[in-house]
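What follows is a short report on a single structure.
What you see is a predicted model, and the numbers here were worked out from it, not measured in a lab.
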Amino acid sequence: MANRRDFLAKAGLAGAALAATALGVEEPQKGGKACKVLLINGSPHEEGCTYTALKLVADELEKAGVQTEMLYLGAGPVQDCTACGYCFRSKSFKCVHKEDLCNDIIDKAKEAHGFVFGSPVYYGHPSGRLLSMMDRLFYAGGGAFAGKPACAVTSSRRAGSLATLDAIQKHFTINQMPIISSCYWNEVHGNTADEVAIDQEGVSIMRQLGVNMARAVKAFAALPPMEQVPKARTNFVR
């Protein structure tokens, strides 16, 4: 852990080094405990269409020796980010809102090696609960996710999946996270879990995604820490 902090500090990223320390992010163990992937269900239905898609991915991960944990955000309200700055001012890298799973997920993310975020399609975008949660996760605890493979999966009746995938994946691309793909876009179709199960192409896409994710997390877990270029922040208005 000290070597990681030293590396970040030497690269001119004192803030990143502080974040890594505060978050307690550890290097993946080589030849030790198995890799682990967190799967986040952003649907209000605990075992509906989105769960069915995530479960298909999880089954392939488990077959490949990767541990999985499914996290359900619930059907109640999820607090949006209020831009209060508590997470940075307090140097806790935790969200000030403690009524939901946000801080628990940040803690779990420190030990995880990869992530799958799932959402139904609402008017061509992800569920509001998932987007609100992801905004807070990545703003307060982004250091626990940085550099680790991730992917998004969507469930829809018919259309809107691509825009939904794009919205979720933007969180990954700003956080140096490799995006894992499948043999087609990561989507399933159906009005019910039973209908998703008979979407033969969707099922095969999810299964291939699980295979690809397992390969990716194992490969990235064996790599040294990311090389960091000192980051410059500028505003468009001078």
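- Under 4.0 Å is where a charged nitrogen must lie from a carboxylate oxygen, and between K170 and D166 at least one such pair does.
- Separating the CE atom in M226 from the CE atom in M177 is a distance of 9.5 Å, to the nearest 0.5 Å.
- A side chain to side chain donor-acceptor pair (under 3.5 Å) check over residues 136-147, counting only residues at least two apart or in different chains, returns the pairs D100-R136.
- Within 6.0 Å of atom CD1 in I174, 12 or fewer heavy atoms from other residues, nucleotides or ligands are found, so the atom counts as exposed in its surroundings.
- With sequence neighbours excluded, the residues forming a ring pair (Phe, Tyr, Trp, His ring centres under 6.0 Å) with F117 are F172, listed by chain and number.
- Across E69, E111, H113, a single residue satisfies side chain to side chain donor-acceptor pair (under 3.5 Å) together with K36, and that is E69.
- Interatomic distance, CG of L38 versus OG1 of T68, reported as 9.5 Å (0.5 Å rounding).
- Salt-bridge annotation for D59 and K63: absent, with no side-chain N of the basic residue lying under 4.0 Å from a carboxylate O of the acidic one.
- Atom CG of L137 sits about 10.5 Å away from atom CG of D104, to the nearest 0.5 Å.
- Once rounded to the nearest 0.5 Å, the distance linking SG of C151 with CG of N212 reads 9.0 Å.
- A donor-acceptor pair shorter than 3.5 Å can be found between the side chains of H171 and D135.
- Within the structure, every pair that satisfies the side chain to side chain donor-acceptor pair (under 3.5 Å) test and touches residues 42-53, not counting sequence neighbours, is listed here: T50-S155.
- Under 3.5 Å, the side chains of T164 and T154 contain no donor-acceptor pair of N or O atoms.
- With a 4.5 Å cut-off on side-chain heavy atoms, I105 and L73 count as touching.
- Separation of atoms OG (S181) and CD1 (I205) is listed at 11.0 Å; rounding is to 0.5 Å.
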